[in-house]
Undergrad: 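This is the structure I want to talk about, given as C-alpha cells.
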Amino acid sequence: MTFAAAIIIAALLIGLSKGGIGGSIPGAFVTPLLSQILPTGQAVGIVLPMLMIGDLFALRAYWRRWDIRQIKLLLPMALVGIVMGSLFLIALADNRQDTLLRRIIGVFTLLLVIYKLVSGRLKGLHYQPRRWHAYLAGWASGFGSALANVGGPPFTTYMLLQEQTPETFIGTTTLFFAIVNMAKLPLALLNKNVLNLELIVSTLWILPLIPVSVWLGRRFVKWINPVWFERMMLVVLFIMALYLLFT
C-alpha cells in the first residue's frame with residue numbers, strides 16, 4: 001500500500017507539473033519521495049517512463065511553440081551531461097552506494113529550493129548573452145536530469161535571461177526536456193539497479209493517471225494561487241532535502 005500510494009502521488013505530481021502547475025517543483029519532489037521506499041538508483045529510474053508519458057501530452061499542448069535556436073544551442077552539451085550523469089548514476093547504483101546517492105539527491109533538492117528563492121531577481125540583471133552560457137546550462141541540465149531528475153534549475157536560469165514570451169519559454173522547456181528524457185533511456189536500460197524492467201511493468205497501471213493529471217494541471221492552473229502552491233511545495237522540498245542529507 002505504501003508503494004502504491006507513493007506511485008500514485010508521483011504520477012499526479014508529474015502530470016500537474018507538465019500541465020503547468022508549479023513549474024518544475026512538483027516533478028522535483030518525485031525522486032526524493034520514491035527514494036524513501038526504493039533503492040535510490042531505482043527511484044531515479046522509475047520516474048523516467050512517467051516523465052516520458054507526461055512529455056507526450058505536454059508536447060501536444062505546446063507543439064511548435066518553441067525556440068529551435070535555443071534548442072540547438074543547449075542540446076549538444078546536454079547530451080554530454082546526460083552521458084556523464086548516467087554513468088555516474090550507474091556506477092553508484094552498481095556499487096550499492098545508496099547513502100551517497102541519497103546525499104547527492106538531497107543536495108540537488110536543496111539547491112532547487114535555494115534557486116527558486118532567488119530566481120525572481122534574475123530578470124532585473126543586466127545580461128549580455130554568450131554562447132558558452134548555453135553550453136554550460138545545457139551540460140548542467142543534462143547532468144542533473146540524468147543523475148537525479150533535477151535538470152530544471154540551470155535550464156530555467158538560462159532561459160529566464162533570454163528574451164522569450166511565456167508561451168515560447170514553456171514550449172522550449174517542453175521540447176528540451178522531452179529530448180533529454182528520451183536520451184536518458186538507453187543508458188538507463190543498461191542496468192537494472194537504475195531501470196528495473198520488472199518494477200516498471202508492475203507500475204504500468206498508473207500510467208493512465210498521468211494524462212488525466214496533465215489535464216487537471218491545465219485546468220487547475222486557472223483556479224489555484226500559484227504563489228501559495230509553490231511556497232507550500234518549497235517547504236515540503238526543503239524538509240525532504242534535510243531528511244535525505246541527515247538520515
Undergrad: Working to the nearest 0.5 Å, report the span between CG of Leu209 and CD1 of Ile53.
TA: 12.0 Å

Undergrad: Would you check if Met159 and Phe176 make a side-chain contact, meaning some heavy-atom pair closer than 4.5 Å?
TA: no

Undergrad: Quick check: do Phe88 and Met84 have side-chain heavy atoms less than 4.5 Å from each other?
TA: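 Side-chain contact under 4.5 Å: no.
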
Undergrad: Can you check whether Ile105 reaches Pro32 side chain to side chain, under 4.5 Å on heavy atoms?
TA: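 Heavy-atom side-chain distance check passes, below 4.5 Å.
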
Undergrad: So do Phe155 and Thr173 actually touch side chain to side chain, heavy atoms under 4.5 Å?
TA: yes

Undergrad: Looking at Val150, is its backbone amide N or carbonyl O close enough to the side chain of Ser145 to form a donor-acceptor pair, meaning the two atoms are under 3.5 Å apart?
TA: no

Undergrad: Quick one, Tyr158 and Leu73 - any side-chain contact, counting heavy atoms below 4.5 Å?
TA: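 Yes. Closest side-chain heavy atoms under 4.5 Å.
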
Undergrad: Is there a donor-acceptor pair under 3.5 Å between the side chain of Arg65 and the backbone N or O of Gly171?
TA: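 Side chain of Arg65 to backbone of Gly171, a donor-acceptor pair under 3.5 Å: no, none is there.
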
Undergrad: Can you pull out every ring-ring contact (aromatic ring centres under 6.0 Å, His included) where at least one residue sits in residues 64-87? Sequence neighbours excluded, please.
TA: Trp63-Trp66

Undergrad: Looking at CG of Asn191 and CG of Leu195, how far apart are the two atoms once the value is rounded to the nearest 0.5 Å?
TA: 9.5 Å

Undergrad: Would Asn149 and Thr31 count as a side chain to side chain donor-acceptor pair (under 3.5 Å) if you check the C-alpha gap in whole Å, the side-chain angles of each, and the deciding distance to 0.1 Å?
TA: CA-CA 7 Å; Asn149 294 316; Thr31 299; 3.2 Å; yes

Undergrad: What distance separates Asn193 CG from Asn196 CG, expressed to the nearest 0.5 Å?
TA: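 That separation rounds to 8.0 Å.
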
Undergrad: Is there side-chain contact between Phe143 and Trp139, with at least one heavy-atom pair below 4.5 Å?
TA: yes

Undergrad: Does Met52 have any side-chain contact (heavy atoms from CB on, under 4.5 Å) partners at least two apart in sequence or in another chain, and if so, which?
TA: Leu48, Asn181, Met182, Leu185

Undergrad: Is it true that a side-chain atom of Arg102 and a backbone atom of Ser35 form a donor plus acceptor pair closer than 3.5 Å?
TA: yes

Undergrad: Heavy-atom distance under 4.5 Å between the side chains of Ile9 and Leu33, does that happen here?
TA: yes

Undergrad: Can you tell me how far apart CG (Leu187) and CG (Leu89) are? Round to the nearest 0.5 Å.
TA: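 Nearest 0.5 Å value for the CG-CG distance: 10.0 Å.
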
Undergrad: Which pair of heavy atoms, one from Ala6 and one from Ile37, lies closest together, and at what distance?
TA: CB-CD1, 3.4 Å

Undergrad: Applying side-chain contact (heavy atoms from CB on, under 4.5 Å), name anything that partners Arg60, two or more places apart in sequence or on another chain.
TA: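 Applying side-chain contact (heavy atoms from CB on, under 4.5 Å) to Arg60 gives none.
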
Undergrad: Going by atom types alone, do Lys184 and Ser86 pair a side-chain donor with an acceptor below 3.5 Å?
TA: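 No, no side-chain donor-acceptor pair sits under 3.5 Å.
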
Undergrad: Find out whether Ile179 and Asp55 are in side-chain contact, i.e. whether some heavy atom of one side chain is under 4.5 Å from a heavy atom of the other.
TA: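 No; the side chains remain at least 4.5 Å from each other.
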
Undergrad: I'd like to know if the side chain of Ser141 reaches the main chain of Gly151, judged simply by a donor and an acceptor atom lying under 3.5 Å from each other, with no hydrogens or angles considered.
TA: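 Yes; judged by distance alone, with no hydrogens or angles, the pair exists.
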
